[in-house]
Amino acid sequence: MEFRLLGSVAVVAADGRELPAGSAKRRSLLAMLLLNPGAPVTVERLTETLWDEEPPRHSRTVIHNHVSGLRSLLTAHDAPAAGVELVTDNGAYRLRTPDQAVDTVRFDRLVARARSLDDAARAAADLREALALWRGPALAGTTAGLPLQSAARALEERRLAAVEDLARAHGRLGDHCAAAGLLHTEATADPLREPLVAHLMHALGRAGRRSEALDWFHRTRRALAEELGIDPGPELTDAYARLLRTDAPPSRPDAAPRPALPPGRSDRVPPARHPSDQEPPDRLAFDRPAFEPVPPTRVPTVGGLASVPDQRPAPAPVPAPAPVTARPPAAPAATAAQHTPWPFPRRPRGFAGREDELAALDRATAAPGAVALLTGGAGVGKTTLALSWAHRRHQDFPDGRLFVDLCGHSPLPERDTAAVLRELLLALGLPVERMPATAEAMGARYRELTAGRRMLIVLDNARRSDQVRPLLPDGDDCVTLVTSRDRLGGLVASDAARPVPLAELSSPQAVTLLAATLGPDLVAAEPEAAARLADLCDGLPLALRLAAARLATGPARALAALADELADEQDRLDLLDVEDTSVAAALALTVQHLGEPARRTFRSLGAHTGATLDSRTAAALAGCRPDEAAAALAQLATAHLIVQIGRDAYTLHDLVRLYARSLPGDTDTQVLPRLLDHLLNTLLTACAAAEPGSEPCCALPPGTRRPAEVRPFPDRASALAWYAAERDTLRGAVEAAVAAGLHDRAWRLVLLQWPLIVWQVRDGWAPLLEHGLAAAEADRDPGAQSRARALLGWVLLEEGRPDQALDHLERAPDLAARAGDGCAQAVALVNHAVALARHGDHAGRARVHGLLLKALSLAERAGRADLVGLARQHLAHECLAAGAHEEAAQHAARGLAVAEPPFPVTRRVVLQTLYGRALAATGHPEEAARHLGAALRTARAHQYGEGESEAGAALRALSDGGAAVAGAVAPGTAVHATAPGGPAYARPSTYPR
C-alpha cells in the first residue's frame, strides 16, 4: 500500500489500484496525517485544515466520521499487514506508515541521494526518478485551508529545486539542450520566477541558442514591469550581461545536423503545455517531418459519428533532409470520394478538472495502434472526457476523427455492427456502389482503409467487447477510444485495451464544475453551500449539472437552499430530474441490462445501512446463498453500479443506494430483519474472537435467522479491524432498527460492539450508547438497560464527565438485580466501584471495597471465571491503595489462578504486576522480582506497552526499596488492561461479556 501527495491525494492498493479516498475534506485530513507521518495531529490542527473560517459546531463529529471512513478503507485493504495503522492518541490522530509508503518521503530521499553523488549521470537518474513521482500540483483535490496551501507551496519549492538540480546535472554532462528543455517548461509555467529564468538563459546560451536566451530576458523584463511594476533583479541582469559578453559556443563536432525548417518555423523549444496536451514522445513537434502533409479533403461522418481532419492550410512543402526518421504520412485512399465536412461533436461546455484522467488517456494512447478503454458509471462524464481529450489532441490526427454512439446503454436500440460498419465506410469515402455485401467483408475493407492513416476512432457507449472488436481500425497510426459503463475485460484480454477508469469528481473539481455551469460569482458567494452540494451529488457530473440546471431555472438562486432540499434523502432523486434528463433515468439504463439475480440483489441494496458490503451481507439482503450474491456483486461492479475496493469488498454511493431503494420491490418485507440478524450473528462471532474466553453479553432475540454463512475471524486483530471498518454500518443499522420498531435488535447491535468501545473508549461512543439505552427502555428489558448504563457510564467517565457517569453507574446494579442477571449486576458493581475510587472522596473507600466484594460473590455464584478474575484484579488494586497489602496479595494470587488461556494475556500481565507489588510490600522482594520480571517479559512479547511500563516501574521501585513498590502506581487510579499494540487509552476490562 502506498500514499500519494505529489499530485492528487490518493491511496494506492498493493495491486496498483487507486482506492476511493472520499471527499475533499477526507483527502485533506489524510494529507495532513501523511505530512506528519507517525506524529500525532491534534483535532484542533485538523479543524484548522478542514475549515478556513469558523468551523461548524459539529466539526469534531465530522472529523471523527472522516477518520472512521479512512479506517474502513485501510482495513478493507489489509493495511495492518502493510504496516499502516491509523490510531487515536489522547485526542489526536496518528497515521503510522512504512518509510517508503509516502511519495514525498521517497522524493526527498532520492533528491538527497542525488545531491550527495559526484557522478552526474547517477545523480541525473535519481533526480529523474524523483520527479517522475509528481503527477500534478501537490495536494490536489484537498480543501483550500491555509495549512495545506502552505505545505503545497513548500512541496512545489522542493520540486523546482530538484528540477534545477537535474538541469545542472545535464549541464555537467554537456547536454545543455536537455537542461534548457527542462527549465523552459518550468519558466513558462512560472515566468516571474527570476532565478529560474536566469538559469534557463544560462542553459540556452551554453547550448548555442543565445537569441532565445536574450528573448527570455526581454520577455521577463516586460512581464515584471507590467504585472509587478519592478525591474529585473541582479541575478537576471547578470545573466543578461554575461550573454552579451560571450560569443555563442560552437556546436560539438559529434552533434547531429539539425534538419532544415520550413519558412516561419522556429527551432526554439516549443512552449510548454499542460501534461494532458502533450503529444506522445514519437509525435512531438521536433520529431515530425520537416514538411507538413496536405490534409485529405475528405471529412467523413457516421450518423452521430463524424470525422474531421486538420483544416489548417498546409505550408508549402519543403524538402526534408535525409534521413527522416518520422513515418511518412499515408496517402489518401484512391477510392476516397470528396465530401462536404460534417462536424465532429463540439467541444463540451463547462468541462472542468479531470487533469489526471486526461494525462492517463495520453499514456494509454501513446503505444502504436493503441486502444484506450474509458470506463465508469452512469453520469460520470465518460463521453464528455473523451470529446474533451479528442479536441485537445486533434492535431495528432490529421487524417480525421470518427465518433459513433453504439447505444449500448441507451433508450435507443443497440446499434447493429453491419450498419455501423457501413456508415464508417461511407464516412471514409467508399462509394455506395462499392460497398461489400457482408459484415465480415465490410470489416476487412474498413481495416484496409484505416491502415496507415493517423486517425482517432471514438466508440462511445459500448456494452460488450464483441460489439467493439469489428470496429477496431488497423495499423499503428490509428488510436481507438472506447467508452463504456462495463469493464469490457474481454477487450483488455484480446486487444490489449488500456483501461482508464473514471471515478466521481473530487469536491474541489465538483465545485469548479458548478462554477463553470452557474458562473463563478454565484459559487464564490456561497463556498460552503457549493461544497455541500457537491458532496450531496456524490461528485457525479450529471447530478451536478442537473442541480445547477434546477438552480438556474428556479425562482430562487441560493445554493444553500438547494443543498437543504437535497439533504432530504426522500426527495433527492426527484430534485435531480430536469425535463428529459435525470440521475434515475441514467441508472435505469444500466440496471435494465442486468440479469435477474443481479437486479434482485441491486434492489435489496437499498435497505443496506452502510456504504460498504461483502457477499455475505449481500446474501443476507437478497435472501440468497453467498456464492450467488458474489456473482451478482461482480456483475454490479462490472456495470459500475458499485465499486470494488478489495477482495470481496464493495462500496456504493448514496445516489445509487437511493435509486435502489426507489425501485419497486417484490413485497419482501424481511430485507431489513435479515440484514439485522446477519449483523447480530457476525457481532457474536467477532466478540468471541476479540475477547476469547468471555461469554456473550446477550443472547440472540427469539426468531433470529441464522445466516447461510457467518464471517470467520481468525484472531483478535481481525475482529477488532472488522468492528472499526463496520462502525458506520452498525450505527445505521441501529437507527434503521429503531425506526422499524425492532428495539430488541437495536440494543443488541449496540451492546455487542463492546470490544471496540472499551478498546477505543474515548472515541465518541456516548450518542450510540444513548440510542442503545433508549431501545432497551422501549423493549422494557431491565438487564439490557443495566448493561447499557454500565457501559455508557464508563465511557462518560473516560470522557471526563464523572457526574453524568455516576448517575448511570449508580442505577445499573439495581436494574440488573431486577432482571435477575447476576453477571450484569457484577459488571455494573465493578464499574461503579472503580468510578467511585477515581472520583469519590477517601472516606468512600470502604464502600468501594464492599461493592467489589459483592461483585466477586455474584461472579463466583454464576461460575464466571472471567468476572472473578476481573473483580479480584480491582480488589487487589484497591487493597494496595488502602495499604492492605496481605489482602491485595491474596486477591492477586487467586485472580492469577483463573487468568489462564483462553483469557487475554493482558489480564494476566496486570494481575501478575499487582501480585509482584503486593509481595514486595509484604517483605518478599525475591519472589516479587520474579513475578514482576515475568509480567515485563510477557508484556514485551505481546507488545503490550502499558503493561510493560507498569511492570517496569514496579521493578525499578523494587530496586530502590521494596516499600515503595506498592505505590508504583498512584493510589486511586484504576489498573487497566489495554490490548497489545492498541491505542494509548486505558481499556477498562470492566465491561465484559
Side-chain angles (χ1 to χ4, degrees), residues 8-9 20-33 41-70 137 139-152 350 352-353 504-552 554-569 571-572 575-576 611 653-655 658 728 764:
S8 296
V9 174
S23 65
K25 280 190 166 50
R26 186 166 297 178
R27 290 173 187 264
S28 302
L29 185 146
L30 174 62
M32 184 54 68
L33 294 174
V41 182
T42 64
V43 172
E44 291 72 21
R45 184 63 169 165
L46 292 174
T47 303
E48 181 185 359
T49 301
L50 268 57
W51 288 278
D52 273 341
E53 300 176 355
E54 185 69 22
R57 286 178 298 176
H58 60 286
S59 59
R60 283 181 175 267
T61 301
V62 172
I63 289 173
H64 163 72
N65 289 340
H66 285 310
V67 169
S68 295
L70 285 175
L139 307 181
T142 59
T143 56
L146 183 60
L148 290 182
Q149 284 184 340
S150 300
E504 291 71 20
L505 294 169
S506 67
S507 186
Q509 290 174 326
V511 171
T512 302
L513 177 58
L514 286 173
T517 309
L518 294 169
D521 293 341
L522 185 62
V523 172
E526 297 182 83
E528 288 190 4
R532 186 174 168 224
L533 197 60
D535 288 341
L536 289 168
C537 290
D538 285 338
L540 192 68
L542 174 62
L544 289 162
R545 292 183 185 278
L546 289 167
R550 180 167 290 278
L551 194 68
R557 289 175 56 83
L559 290 171
L562 180 58
D564 288 340
E565 292 179 9
L566 286 174
D568 185 351
E569 291 189 346
D571 298 330
R572 193 178 305 171
L575 290 169
L576 297 176
H653 296 293
D654 283 347
L655 289 176
L658 292 176
D728 290 340

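Everything numeric here is computed off the predicted structure, so don't read it as measured data. We're numbering straight along the sequence, starting at 1.
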Q.
Taking side chain to side chain contact (heavy atoms under 4.5 Å, CB included) as the criterion, tell me which of Leu50, Leu46, Thr142, Leu139 meets it with Met32.
A. Leu46
**Q.** Test item: Thr517 and Leu544 side chains (from C-beta on) under 4.5 Å apart, heavy atoms
**A.** no
Q | Shortest non-hydrogen contact between Ala24 and Pro508, atoms and distance | A | CB-CD, 3.2 Å
Q: Measure the spacing between CG of Leu566 and CZ of Arg532 and express it to the nearest 0.5 Å.
A: 8.5 Å
Q. Looking only at heavy atoms, what is the nearest atom pair of Cys537 and Leu655, with distance?
A. O-CD1, 3.5 Å
Q) Between the side chains of Thr143 and Ser28, is a donor N or O closer than 3.5 angstrom to an acceptor N or O? A) yes
Q | Closest heavy-atom pair and its distance - Ser59, Pro55 | A | CB-CB, 3.9 Å
Q: Grab the two heavy atoms, one from Leu536 and one from Ala563, that are nearest each other, plus how far apart they are.
A: CD1-O, 3.3 Å
**Q.** Residue of the set Val511, Asp564, Leu562 for which side chain to side chain contact (heavy atoms under 4.5 Å, CB included) holds with Leu533
**A.** Leu562
Q. When rounded to the nearest 0.5 angstrom, what is the spacing between CG in Leu146 and CD in Gln149?
A. 6.0 Å
Q) Take atom CD in Glu44; do more than 12 heavy atoms of anything else shown fall under 6.0 Å from it? A) yes
Q.
With rounding to the nearest 0.5 angstrom, report the CG to CZ distance, Leu576 to Arg550.
A. 7.5 Å
Q: Would you indicate whether the side-chain heavy atoms of Leu514 and Leu551 approach each other to under 4.5 Å?
A: no
**Q.** Test item: Arg60 side-chain N/O and Val43 main-chain N/O as donor-acceptor pair under 3.5 Å
**A.** no
Q.
Whether the side chain of Arg27 engages the backbone of Val9 through a donor-acceptor N/O pair (distance < 3.5 Å, no angle test) should be reported.
A. yes
(Q) Under a 3.5 Å distance rule, please check whether Glu504 uses its side chain to pair with a backbone N or O of Asp538 as donor and acceptor. (A) no
Q | Check: Leu29 main-chain N/O paired with Thr49 side-chain donor or acceptor under 3.5 Å | A | no
Q: Go through the steps for Lys25 and Asp535 under the test side chain to side chain contact (heavy atoms under 4.5 Å, CB included), then give the verdict.
A: CA-CA 10 Å; Lys25 280 190 166 50; Asp535 288 341; 6.0 Å; no
Q. Which pair of heavy atoms, one from Ala510 and one from Ala534, lies closest together, and at what distance?
A. CB-CB, 3.5 Å
Q. Roughly how far, to the nearest 0.5 Å, is CG of Asn65 from CG of Leu70?
A. 11.0 Å
Q: Return the minimal non-hydrogen interatomic distance between Glu526 and Ala560, and the atom names on each side.
A: OE1-N, 3.1 Å
Q: Could you check if a side-chain atom of Arg545 sits within less than 4.5 angstrom of a side-chain atom of Leu513, using non-hydrogen atoms only?
A: yes
